[in-house]
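Structure record follows, encoded as structure tokens.
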Protein chains: 2
Amino acid sequence: MVVVNKHTKIISAATKVFAKKGFFTARISDIAKEAKVADGTIYIYFNNKYDILLSIFEEEIGKIFAKTEKLLSEEQDPSRMLQIYVSQYLQAMKKNKYLGEVIQIELRQTNKVIRNYRKNKFSAYTNIISDIIRKGQDQGIYRPDILPDVAKRAFFGALDEVSGVWNISLETHYSVEEITEQILSLFLQGVLLDTDQVK
Amino acid sequence: MVVVNKHTKIISAATKVFAKKGFFTARISDIAKEAKVADGTIYIYFNNKYDILLSIFEEEIGKIFAKTEKLLSEEQDPSRMLQIYVSQYLQAMKKNKYLGEVIQIELRQTNKVIRNYRKNKFSAYTNIISDIIRKGQDQGIYRPDILPDVAKRAFFGALDEVSGVWNISLETHYSVEEITEQILSLFLQGVLLDTDQVK
DNA sequence: AGTACATGAATGAATAGTCATTCATGTACT
DNA sequence: AGTACATGAATGACTATTCATTCATGTACT
């Protein structure tokens, strides 16, 4: 049997439980049971319930963020940069089905103080998008009338919502590549077949 | 002084409090205080805390849904239909700043049973989008390679996330028309200036 | 038109249940 | 035999919900 350290075990149990029940409805004892440890053990590794959520968020988003930044630094073409962004995010979400839900929880459920804290951490991640768009506008390949800060939200919102597809349809199995392609081409070209049709 | 009935007063107080503190952190006494009624009064009008949230959701989404459906029934062009959809949603969200947050809460925070319930109600609303896309594909004006069910999510996710713009920037005042235009043109045409640039 | 009675909306203090957190005790390893 | 980690029952704080009581308003009778 593979032995995993307790910190990791608790993190992954909590991710699962939070995703299933939501942060507030999840009980510490649920997490403890899922992780096969005693309730008290959790407090050896984490300060409190919220600390567990924060740790999941930090550690996982941190990983994605770091990897994305690294890959982006080696790239110059805005559209390829966006592709990297999308595929990294979706890949991470597909790998850990529960993570997407937990991120959404973290983004909405927590109180104002905390919200401000994560805002800094998290907006750095979404600001990557607006930076790429500005870059594309500077290079003259992206429409200058697009507002990068609005587009950033639209883009991340789309990504966030789409990252849940893996969890619904039991029959259809989309691949990360497929969804990446859809999102990207939607965002780059739009749904219209022929651009001339726009009034 | 304008006298409003208590049901309405509680609904609007609760919308405000839920948006500010989140469903679980919000106390009944907070809502009561905001509505200037006694705690017990709330239970004359609602069965329990969750019933308040559900009522907000039902009533408000219901209004938007009904109005959108009505307007759409008089329209045939898919792109104009999408425009109606977007502008109706954003208009409603701008009118009631707190509503957007509450909808997001409702969409994420509640337990599985309830989630399934709202899924039916709510997915009817988002399915409007995929229906419009299919219509556009049938008419031969939308790209046939777009997956309507994926695009639906992307589109609504974008809309949902963008609907929060009013709440952040204190300096910038975007109009509903402006944001509608951005989202729509992003979705229809994409960010690329020249479609030929796509590999 | 004044008095007595009825109604039920509104109140908010008291209750009751839920859980996060603690800590006294146990276990295992060196 | 000391150290570090682990346990889970007990504690106590927090709040949703209840319900006995109040009181403003309406009705009917003289």
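Chain identifiers are assigned alphabetically (A, B, ...) following the order of the sequence lines, protein sequences preceding nucleic acid strands; residue numbering begins at 1 within each chain. Bear in mind that the values here come from a model prediction, so they are computed numbers and not experimental data.
When Watson-Crick and G-U wobble pairs are counted only if both distances are under 3.5 Å, D:dA20 pairs with C:dT11. Under the Watson-Crick or G-U wobble criterion, with both distances below 3.5 Å, C:dG26 is paired with D:dC5.
There is no side-chain donor-acceptor pair under 3.5 Å between B:Thr68 and B:Tyr89. Using a 3.5 Å distance cut-off with no hydrogens or angles, the side chains of B:Arg153 and B:Ser130 do not pair a donor with an acceptor.
Following rounding to the nearest Å, A:Phe23 (CZ) and C:dA20 (C1') show an atom-to-atom distance of 10 Å. Between A:Ile28 atom CD1 and D:dC14 atom P the separation is 17 Å, expressed in whole Å. Here the P atom of nucleotide C:dT11 and the CD1 atom of B:Ile10 are 9 Å apart, to the nearest Å. In this structure, A:Tyr43 places its OH atom 14 Å from C1' of D:dA10, rounding to the nearest Å. One interatomic measurement links the two molecules: NZ of A:Lys36 to P of D:dA6, which rounds to 16 Å at whole-angstrom precision. For B:Ile44 and D:dA16, the CD1 to P distance is 17 Å, given to the nearest whole Å. As rounded to whole Å, 13 Å separates atom P of D:dT15 from atom CD1 of B:Ile31. Atom NZ of A:Lys9 is separated from atom C1' of D:dT7 by 14 Å (rounded to the nearest Å).
Remark: B:Arg134 engages B:Asp131, B:Asp149 in a salt bridge (Lys or Arg N to Asp or Glu O under 4.0 Å) (not counting sequence neighbours).
Considering only heavy atoms from C-beta on, B:Phe155 stays 4.5 Å or farther from A:Leu186 through its side chain.
Across all strands, B:Tyr45 comes closer than 4.0 Å only to sugar-phosphate atoms, never to a base (heavy-atom distances).
The phosphate of D:dA6 (OP1 or OP2) has a side-chain N or O of A:Lys6 nearer than 4.0 angstrom.
Considering only the side chain of A:Ala38, D:dT7 comes nearest among C:dT11, C:dC19, D:dT7. In the set C:dT21, C:dT11, D:dT7, the nucleotide with an atom closest to the side chain of A:Val37 is D:dT7.
Both A:Ala26 and A:Thr41 lie near DNA chain C, and the one whose nearest nucleotide falls closer to the 5' end is A:Ala26.
Checked for salt-bridge contact, B:Arg27 and B:Asp30 meet the test: a charged N lies under 4.0 Å from a carboxylate O.
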